[in-house]
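Numbers for residues simply follow the sequence, beginning at 1.
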Amino acid sequence: MSPSDGVAVIDKEAGWTSHDVVAKARGVFGTRKVGHAGTLDPDATGVLLLGVGRATRLLRFLSPLTKQYLGEMVLGAETSTLDASGDVTAVYDMSQVTPEEVADAAAGFVGEIMQVPPMVSAVRVGGRRLHELAREGLEVEREPRKVLVHELAVAPLDAGAGVYRMEVRCSSGTYIRSLAADIGSALGGGGHLRALRRVAIGSFSVEQARPVDAPELLSMADALRDYPSVSVADALGRRVGDGQVLDADELAVVGEGPWVVLGPQGQLLAVYETHRPGVVKPAVVIPG
């Protein structure tokens, strides 16, 4: 496949790191200019967005999109990684916990919550990623971070064995492993996650995802479909292409932004953001 510009919706397989997928895609697309928006754990599967060519400049707008996940929470055992890949570090008898109690505990994690990143994660502390420190047997203090859980539903798959299906819609940066462990703790015991699948990033769903060796590229304009857009005529489009700061009224945009600016043929010209009240500036300009 020849190099081009766009975004690919990939269905990541288990056992692949997000970096593995990027490396494979570089060979498939014939360019080193490939990046991803939002890491998935190696054991997790599902939607991973890749930017190719000039679309790598758009990844900063894709990473913050809302994520949706399906997973399985196992109550009664804590692990070193908070998921099934780690060593069991504690075991609890939670056989008397009812599905109603699990649902009540999960409800307490809906909304804005503070979450401590797992040691096995890509978060940097002191210039090093936590998973690098964890491999050296180190554990360091991690600052809790605010995340937003829009929806969290749990349903028993095997209540006797403490296995529950989780459906989560949440902000970027939310760790589903941590949610499973924290729900277990809230029930007076422990828990961990298994079989995680990301089913959507924004409007990009797993139904449209493709294997990394058979990808399809979306246009750069379609890649930003989750943001408000405005189309401009040639004269204003030339000013946008020059990266000019504009009055918001002139660009006909309202709200908080960012705004996708399209040309007469629907091509992506730029992404604009608020500069100061009533004035907008380009965050990214795509040369014609």
Non-hydrogen side-chain atoms of Glu207 and Val199 separated by less than 4.5 Å
no
Show every donor-acceptor pair shorter than 3.5 Å between a side-chain atom in residues 243-250 and any protein atom, with sequence neighbours excluded, or say none if there are none.
from   : atom 1 : to     : atom 2 : distance (Å)
Gln244 : OE1    : Arg239 : NE     : 2.8
Gln244 : OE1    : Arg239 : NH2    : 3.3
Glu250 : OE2    : Arg239 : NH1    : 2.3

With heavy-atom distances below 4.5 Å as the criterion, would you say the side chains of Leu157 and Tyr164 are in contact?
no
Non-neighbouring partners of Pro211 that pass side-chain contact (heavy atoms from CB on, under 4.5 Å), sequence neighbours left out
Asp213
How about Val212 and Glu13: do any of their side-chain heavy atoms sit closer than 4.5 Å?
no
Would the distance check show the side chain of Arg145 and the main-chain N or O of Val116 forming a donor-acceptor pair, the cut-off being under 3.5 Å?
no
Would Leu193 end up clustered with Ile113 when hydrophobic side chains under 4.5 Å apart are linked, directly or stepwise?
yes
Check the hydrophobic clustering (I, L, V, M, F, W, Y; side-chain heavy atoms under 4.5 Å; chains of links allowed) and say if Val149 and Leu187 are grouped together.
yes
Any Met73 side-chain heavy atom under 4.5 Å of Val102 side chain:
yes
So do Leu268 and Val260 actually touch side chain to side chain, heavy atoms under 4.5 Å?
yes
Do Phe29 and Leu59 share a hydrophobic cluster (ILVMFWY, side-chain heavy atoms under 4.5 Å, transitive)?
no
Over-ring placement of Arg225 relative to Phe204, 6.0 Å and 45° cut-offs:
yes
Between atom NZ of Lys12 and atom CD1 of Ile10, what is the distance when rounded to the nearest 0.5 Å?
12.0 Å
Single-linkage hydrophobic cluster Tyr175~Phe109, side-chain heavy atoms < 4.5 angstrom
no
Is His192 reaching over with its side chain to a backbone N or O of Ala180, donor-acceptor style, under 3.5 angstrom?
no
Selection residues 151-163 - residue pairs positive for salt bridge (charged side-chain N to carboxylate O under 4.0 Å, His left out), sequence neighbours left out
Glu151-Arg169
Write down the atom of Ser178, the atom of Gln115, and the distance for their closest heavy-atom approach.
CB-NE2, 3.6 Å
Side chain to side chain donor-acceptor pair (under 3.5 Å) for Ser80 and Asp87? Distances and angles first, verdict last.
CA-CA 5 Å; Ser80 56; Asp87 298 324; 4.6 Å; no
With sequence neighbours excluded, tell me which residues meet salt bridge (Lys or Arg N to Asp or Glu O under 4.0 Å) with Glu72.
Arg194
Looking at CG of Asp43 and CG of Leu196, how far apart are the two atoms once the value is rounded to the nearest 0.5 Å?
9.5 Å
Given Leu218 and Gln208, is the side chain to side chain contact (heavy atoms under 4.5 Å, CB included) satisfied, shown in steps?
CA-CA 11 Å; Leu218 303 176; Gln208 71 180 114; 4.2 Å; yes
Which heavy atom in Val88 sits nearest to a heavy atom in Ala77, and how many Å separate them?
CG1-CB, 4.4 Å
Between Trp259 and Ala270, is there a donor-acceptor pair closer than 3.5 Å when you use the side chain of the first and the backbone of the second?
no
Nearest 0.5 Å, what's the OG1-CE distance between Thr56 and Met220?
9.5 Å
When you measure from the side chain of Gln267 to the backbone N and O of Gln265, does any donor-acceptor pair fall under 3.5 Å?
yes
For the residue pair Ala221 and Leu262, what are the closest heavy atoms and their distance?
CB-CD2, 3.8 Å
Here the pair of heavy atoms bringing Leu82 nearest to Thr79 is N-OG1, 2.9 Å
Between His150 and Leu148, is there a side-chain heavy-atom distance shorter than 4.5 Å?
yes
What pairs with Ser95 under side-chain contact (heavy atoms from CB on, under 4.5 Å), at least two apart in sequence or on another chain?
Asp93
If only atom types and distance count, is the side chain of Thr81 paired as donor or acceptor with the main-chain N or O of Gly86 below 3.5 Å?
yes
Under the side-chain hydrogen bond (donor to acceptor under 3.5 Å, both in side chains) test, which residues partner Ser229, sequence neighbours left out?
none
Residues at least two apart in sequence or cross-chain that pass side-chain contact (heavy atoms from CB on, under 4.5 Å) with Ser172, listed by chain then number, are Lys67
CG (Asp226) and CG (Leu62) are apart, to the nearest 0.5 Å, by 8.0 Å
With sequence neighbours left out, write down each residue that passes salt bridge (Lys or Arg N to Asp or Glu O under 4.0 Å) with Glu112, or none if nothing qualifies.
Lys146
side-chain hydrogen bond (donor to acceptor under 3.5 Å, both in side chains) with Ser171: which residues, sequence neighbours excluded?
Thr174
Atom pair CG (Asp11) and CZ (Arg210), whose distance is rounded to the nearest 0.5 Å:
11.0 Å
If you look only at pairs with a residue in residues 273-288, which of them pass as a side-chain hydrogen bond (donor to acceptor under 3.5 Å, both in side chains), with sequence neighbours excluded?
none
Please say yes or no: joined through hydrophobic side-chain contacts below 4.5 Å, possibly via intermediate residues, are Ile183 and Val163 part of one cluster?
no
Considering only heavy atoms from C-beta outward, does the side chain of Gln68 approach that of Ser205 to under 4.5 Å?
no
Taking only distance into account, with no hydrogens and no angle test, what donor-acceptor pairs under 3.5 Å do side-chain atoms of residues 18-28 form with protein atoms, sequence neighbours excluded?
from  : atom 1 : to    : atom 2 : distance (Å)
Ser18 : OG     : Leu40 : N      : 2.9
Ser18 : OG     : Leu40 : O      : 3.3
Asp20 : OD1    : Thr17 : OG1    : 3.2
Asp20 : OD2    : Thr17 : N      : 3.0
Asp20 : OD2    : Thr17 : OG1    : 3.1
Arg26 : NE     : Arg32 : O      : 3.0

In short, Ala223 meets Val7 closest at the heavy-atom pair CB-CG2, 3.4 Å
Atom of Phe61, atom of Ala283 and distance for their closest heavy-atom approach
CZ-CB, 3.9 Å
Determine whether Leu251 and Val240 satisfy the following criterion, side chain to side chain contact (heavy atoms under 4.5 Å, CB included), listing intermediate values before the conclusion.
CA-CA 9 Å; Leu251 199 57; Val240 167; 4.3 Å; yes
Donor-acceptor pairs under 3.5 Å, side chain of residues 44-55 to any protein atom, not counting sequence neighbours: which ones?
from  : atom 1 : to     : atom 2 : distance (Å)
Thr45 : OG1    : Arg197 : NH1    : 2.9
Arg54 : NE     : Asp5   : OD2    : 3.0
Arg54 : NH1    : Pro287 : O      : 2.5
Arg54 : NH2    : Asp5   : OD2    : 3.2

When rounded to the nearest 0.5 angstrom, what is the spacing between OH in Tyr69 and CD1 in Ile176?
5.5 Å
